[in-house]
Amino acid sequence: MSAYSIISSLLSYVFTTIIYLFIFSVIALIYMDIKKMGKKEKDEQLAPSGLKDKNTDHYAILKTVKNKKMGDVKIKAAYRINGKGVIIGRSKDCDICINHKFVSVEHFQVWYDEGCWYLGDMGSKNGTYLNGTRIKKVKVLQSGDSIAFGGLEFIFREED
Amino acid sequence: MKRANYRLPAYLLVLMNVLGFLLVFMANDYQLNVLYVGLGMMCLFLLIYSILVVCRMGDKFLVLIASMLMTIGVLMLCRLDIVTGARQIVWIGIGGIVFFATYTIYYNIRFWHKMWFLYAALGVALFVITLAFGKTVNGSKNWIDIGPIAFQPSEITKILYVMFLSCHYSKSWEKPFLRVSPMYMTGIVTYVYILFLMLQRDWGTILVIFSIFIFMIYIYEEKKWFLWANVGAATVVALIGYKFLYHIQVRVGVWLDPWADVSNKGYQIAQSLFAIASGGYFGRGLGNGSPHYIPEVHTDFIFSAICEEMGVFGGAAVIILFFLLFYRCFKVALNAENQYNKAVGAGLTLMFALQTFIIIGGVTKFIPLTGITLPFVSYGGTSIVVSFASLGIIQAISAFEDRKGAEEFEQ
């Protein structure tokens, strides 16, 4: 048996180890990637489930504030929203679809529960601002509050 | 939570290359050229990986996994024949350039979904050129010589075919052509391609193209009868082929019982099985085995050689790496928002996955053998370059998704 074949036989174990370490390190990275995404998805579901049929008789109005940044976005002057919760975003599946460059696919959510209106950011890229401050998770809305997102602005008003 | 270590896999890749090429260096009487070639390939992998990470060009894992597969393949080829190995590294270099070229072209052109006619016509044109000017290798007339290099047009046709199917399945092509609805047109084009491939006797590519077609129908088509009609047609064609074509009868016969004519027809597959069996768990070590007994060991049967010299664990590792690659590719396709990109991503991943399944299944006698290359591992210029091109397209699709966030952030 030559020196080469001895070294080669020994190295075959080393190679196997290296390849499997490589596979495990890649799997670990992919796993972290998935975990991050799972967390994001969890954050996006803010409104407690089971509100669907509960608060259908509460309404509020989101009034659009016109500004120069809007460009030629198709947006109504005001939206009447239902207490069971609405999602505002760029996706066509959203309750209010606003096709604007700086609006995320699902940007924020507004809903009514136990006597209060709530505003929640759904992990948007550019953030949702309540009266000028960026919100992290859920905030209670008062009548007359301003909701700014991606250069657009709504005034929230509760309907009696 | 521990911070993600994006460098560890790259370090392991470097370690694998260094040890592997030192071994090849020893085997080749300490010629320094071997080391230069190895160093060149390693730098190429690191360069591609760093560019992808630094320039935020989408998914980071695709190229990393493909690099590991190519390292295993090249080490095996260098051990079999140093000249073939060196040539493969040159092809990998060209492949790297093609990868970035395809990435840039696919990323910047946004009207791919409108050109179904171009894809179909180009595919047919490639077939006609092959039939007219092709040369016959191993019974299949599927090679074209252009000056010093020879290439297989059918490999390029596969990508064109996937892009053609995607036009229909992404619903961006709904107008009937000459009163024939797109669904029937995809069927007609598929059968025309298969007819051409039959004339060239390229059975492996027929299997790949037809399987892509069936799987795409399974994924996208709402009319289920169309799927069953095509599966039925495939069965009929396969039965007719088995009845009348000697070539297919031999393949199936050898698959059922390789020992009946082991010195002649069953020789290749029997040698492949011997090689896999002699490897054991950890293999006999690079250079200790005798893979030269298997005909075509550097292209179709490279998996058997890997099993012999790197063991069952090495062979399983190759399969796991392929699994990871396909998983990432499918994830890119799932995440894509554009329907056309989604279909192309799924189709190209299917192409890789089917090719891998068919050839690994073939050499381990799991299914009848048809000669096609193992993506990224086998020797073959066209195979490597086309695999890189497909990977470039998938990379571009993943970059669309990644970069959308970046664009929004630049407010």
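Throughout, a chain's letter reflects where its sequence line sits, starting with A, and its residues are numbered from 1.
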Novice: With a 4.5 Å limit on heavy-atom distance, are the side chains of A:Y4 and B:L23 in contact?
Specialist: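 Of all side-chain heavy-atom pairs linking B:L23 with A:Y4, at least one is under 4.5 Å.
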Novice: Is any side-chain heavy atom of A:F22 less than 4.5 Å from a side-chain heavy atom of B:M16?
Specialist: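 They are not in side-chain contact.
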Novice: Any idea which heavy atoms bring B:A317 and A:I23 closest together, and the distance?
Specialist: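 Scanning both residues, the minimum pair turns out to be O-CD1, 3.8 Å.
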Novice: Measuring heavy-atom distances to chain A, does B:F61 have an atom under 4.5 Å in its side chain, in its backbone, in both, or in neither?
Specialist: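 Answer is side chain: those atoms of B:F61 sit under 4.5 Å from chain A.
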Novice: Which heavy-atom pair separates B:L12 from A:S25 by the least distance, and what is that distance?
Specialist: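 Minimum heavy-atom contact is CD1-OG, 4.0 Å.
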Novice: So how far is it from B:F323 CZ to A:I27 CD1, rounded to the nearest 0.5 Å?
Specialist: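 Those atoms lie 11.5 Å apart.
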Novice: Looking only at heavy atoms and a cut-off of under 4.5 Å, which of B:L324, B:T71, B:L75 has the most pairs with chain A?
Specialist: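 Result: the option with the highest number of such pairs is B:L324.
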Novice: Who wins among A:L10, A:T16, A:I7 for the most heavy-atom pairs under 4.5 Å with chain B?
Specialist: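 Maximum pair count with chain B is reached by A:T16.
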Novice: Under 4.5 Å heavy-atom distance to chain A, tell me which part of B:Y281 shows up: side chain, backbone, both or neither.
Specialist: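 Contact with chain A involves no heavy atom of B:Y281 at all.
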Novice: Taking it one step at a time, do A:I30 and B:Y327 satisfy side-chain contact (heavy atoms from CB on, under 4.5 Å)?
Specialist: CA-CA 10 Å; A:I30 291 176; B:Y327 160 72; 3.5 Å; yes
Novice: Taking the side chain as every heavy atom from C-beta outward, state whether B:M68 and A:V26 have any atom pair closer than 4.5 Å.
Specialist: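 With C-beta onward as the side chain, the pair stays apart.
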Novice: Quick check on the interface: out of B:E309, B:R328, B:M310, who has the most heavy-atom pairs with chain A under 4.5 Å?
Specialist: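 Option with the top pair count is B:R328.
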Novice: Sort B:L19 into side chain, backbone, both or neither according to what part of it lies under 4.5 angstrom from a heavy atom of chain A.
Specialist: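 For B:L19, heavy atoms of backbone and side chain both lie under 4.5 Å from chain A.
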Novice: Kindly check if the number of other-residue, nucleotide or ligand heavy atoms within 6.0 Å of OH (B:Y293) is above 12?
Specialist: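 Check fails, neighbour count at 12 or below.
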Novice: Using only atom types and a distance under 3.5 Å, with no angle test, would you say the side chain of A:Y20 pairs donor to acceptor with the backbone of B:G314?
Specialist: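 Not confirmed, A:Y20 side chain does not pair with B:G314 backbone.
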Novice: Nearest 0.5 angstrom please: A:L11 CG to B:M26 CE, how far?
Specialist: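 Separation between the atoms: 9.0 Å.
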